Undergrad: 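The structure's right below; bear with me while I get my questions together.
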Amino acid sequence: MKISQEELIGILATSLNVNKKKAEEELSQWVDTVQKELEKKGRYHAVGLGTWHLEKGNTVFTPDEKPAIEVNYKYAGMNAIEMVPADARIIEQERGEEPGEIRKDKPEKEEAPDAGISKEPSPEKDVDKHKEIVEEVTAEADEAARGDDAIESMAPEQQQKKSVTENRDQDGSPEPDVESKKKDIKDEKRSTGTNGQEPQSKLWMLPIAAAFLIAILMFIHFDAQILDRRHTVDQTTRTEPRGVPEQGQIQPPEHEIRPVPEEDSSPVDSDLYGLMGPQEETLQGSYTIVLHSITNENRARIEKEKLENEGYKVTVWQARLGDGRLTWRIGVGQFEAVSHAEQAVSRLPDPYRHNNFIIRIR
Amino acid sequence: MAKLSGTTLSNLCRDNFLLVINMANKNTEQKLVALITGTLKKHGEVSVKGLGSFSVKHQKQKQQREKDGRILLKPPSDVIIFTPEK
């Protein structure tokens, strides 16, 4: 924000309630007054702004305390910190400067980074200054801890400073004392390479950890579903029975076995479906329990008649095995669902109960 | 009532006139000071013809070696800078 001469005249005219020409005259008159005073007395003080004085032919301006503090409100209250030589050396090295000369007679002590002020007594002339700085810092630290009650214990000078800052605070600007001290400590910590940023750096790990957990849960969920499906597929197929005494090997061909979706588990009593009873017609798409797989057609017919005499619904059809051989399959019962067929298996006598497989009639 | 001489009267008039001028100047000065400080508080810049310009400059924190050998870490600050008109 830059205010030019014209803008200044305009604002001055408004504040003085005069026209611009008059305001310009007033302004130039005031400037002339300042210049004359400078030439005459070598200095001019504008109350509330500052003092101009001549120094070696140059005009030097020293602002008053109040405007200087108000302009520096962000950093007001911050005091110079005396640095331990080791800390100063670290900062210089970081900046690439040559390390300054350090007094050899002064013992080097390792102190905590937030205790930037040496507690040793300062050299002869500046003992009082150093004590003042220490007192100020401790007083401000105590005030930050206790709050407003510490104001009474502070020295009058410090109270004045505090009142200035408080007045500023009422205007809405932030309290600089505690925050400025914290800034100092933070600056020092950064310079000495402490771990002040660990809490902030850990925050970004939270969403990553959450995403990881969600991925694990999803994997478990879908894995369970896959397991369920496999279980249902296993139920629909039967492996090759071992050691069938009279018939040939019954092998459920891979190409004839299809994963069958689980249907209604309750057995349906009807004349067409069931394990026992006369088979009036072969229901395509129904399920049957295969007991024999015989290459010889005559033998297959014999076994069929045998089972029919025992009262089973028998279905015979020819199937081609994987190696190209033709075989006669003999199945008992006709079922609407696989579960019905499974229930019927339990009613079969040995050795059929353990040597069978369920297949769809096509 | 004492009679005022011509010289005294003219001096009195001159003084009164100067007083009036001075008061007006002071009023103008107060307004100007308020305007300048208000602008500087917002870290603005003001230019006064015939005098110079006022601005705010930020100074970073810096190390300063004292004469007695102590090293002080000066805090950062915003300072008022006056640049006289050439």
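Everything numeric in this text was worked out from a predicted model, so none of it was measured. All values below were derived from every heavy atom in this structure, side-chain atoms included, with hydrogens, water molecules and symmetry-related copies excluded.
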Undergrad: Select one option (side chain, backbone, both, neither) describing which atoms of B:Val46 are under 4.5 Å from chain A's heavy atoms.
TA: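 Its backbone and side chain both get close to chain A.
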
Undergrad: A side-chain contact here means heavy atoms from C-beta on lying under 4.5 Å apart; do B:Pro76 and A:Met78 qualify?
TA: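 Yes - at least one pair of side-chain heavy atoms lies under 4.5 Å apart.
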
Undergrad: Check whether more than 12 heavy atoms from other residues, nucleotides or ligands sit under 6.0 Å from atom CG of A:Asn17, and answer yes or no.
TA: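 Result for CG/A:Asn17: open.
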
Undergrad: Check whether A:Pro67 gets within reach of chain B through its side chain, its backbone, both or neither, counting any heavy atom under 4.5 Å.
TA: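 A:Pro67 touches chain B through backbone and side-chain heavy atoms alike.
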
Undergrad: Test side-chain contact (heavy atoms from CB on, under 4.5 Å) on A:Val47 and B:Val33; report intermediate values, then the result.
TA: CA-CA 8 Å; A:Val47 178; B:Val33 163; over 6 Å; no

Undergrad: Within this structure, what is the NE2-CG distance for the pair B:His58 and A:Asn72, rounded to the nearest 0.5 Å?
TA: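 It is 9.5 Å, given to the nearest 0.5 Å.
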
Undergrad: Nearest 0.5 Å please: distance from the NZ atom of B:Lys31 over to the CH2 atom of A:Trp30.
TA: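 That separation rounds to 15.0 Å.
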
Undergrad: Just so I understand: if I count every heavy-atom pair under 4.5 Å between each of A:Gln5, A:Gln35, A:Glu7 and chain B, which residue has the most?
TA: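 The answer is A:Gln5.
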
Undergrad: A:Leu8 versus chain B, heavy atoms under 4.5 Å apart: side chain, backbone, both or neither?
TA: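 For A:Leu8, backbone and side chain are both near chain B.
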
Undergrad: Report the distance from atom CD of A:Glu26 to atom CD of B:Glu29, rounding to the nearest 0.5 Å.
TA: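 One finds 12.0 Å between CD of A:Glu26 and CD of B:Glu29.
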
Undergrad: Answer with side chain, backbone, both or neither: which region of A:Val71 has an atom nearer than 4.5 Å to a non-hydrogen atom of chain B?
TA: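 Backbone plus side chain of A:Val71, per the 4.5 Å heavy-atom cut-off to chain B.
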
Undergrad: Relative to chain A, which segment of B:Leu51 carries a heavy atom at a distance below 4.5 Å: side chain, backbone, both, or neither?
TA: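 For B:Leu51, heavy atoms of backbone and side chain both lie under 4.5 Å from chain A.
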
Undergrad: Does any heavy atom of chain B fall under 4.5 Å from the side chain of A:Ser15, the backbone, both, or neither of them?
TA: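 Both parts, backbone and side chain.
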
Undergrad: Show me, pair by pair, the donor-acceptor contacts under 3.5 angstrom made by side chains of residues 49-59 of chain A, not counting sequence neighbours?
TA:
none

Undergrad: Any idea which of B:Gly50, B:Gly44, B:Ser77 has the most non-hydrogen atom pairs under 4.5 angstrom with chain A?
TA: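 The option with the most such pairs is B:Ser77.
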
Undergrad: B:Phe82 vs A:Phe61 aromatic rings, parallel, tilted or perpendicular, using cut-offs 30° and 60°?
TA: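 Geometry flag for A:Phe61 against B:Phe82: tilted rings.
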
Undergrad: So what's closer than 4.5 Å to chain A heavy atoms on B:Leu40: side chain, backbone, both or neither?
TA: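 Contact with chain A is through both the backbone and side chain of B:Leu40.
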
Undergrad: Picking from A:Val31, A:Ile3, A:Val34, what satisfies side-chain contact (heavy atoms from CB on, under 4.5 Å) with B:Val48?
TA: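 The residue from A:Val31, A:Ile3, A:Val34 that satisfies side-chain contact (heavy atoms from CB on, under 4.5 Å) with B:Val48 turns out to be A:Val31.
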
Undergrad: Nearest heavy-atom pair of A:Tyr73 and B:Lys41: which atoms, and what distance?
TA: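 Shortest heavy-atom contact: CE2-O, 4.2 Å.
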
Undergrad: Mind checking the CG-CG spacing from B:Leu35 to A:Leu27? Nearest 0.5 Å is all I need.
TA: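 B:Leu35 CG to A:Leu27 CG: 10.0 Å, rounded to 0.5 Å.
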
Undergrad: Of all heavy-atom pairs between B:Ile80 and A:Pro63, which one has the smallest distance, and what is that distance?
TA: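 It is CD1-CB, 3.9 Å.
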
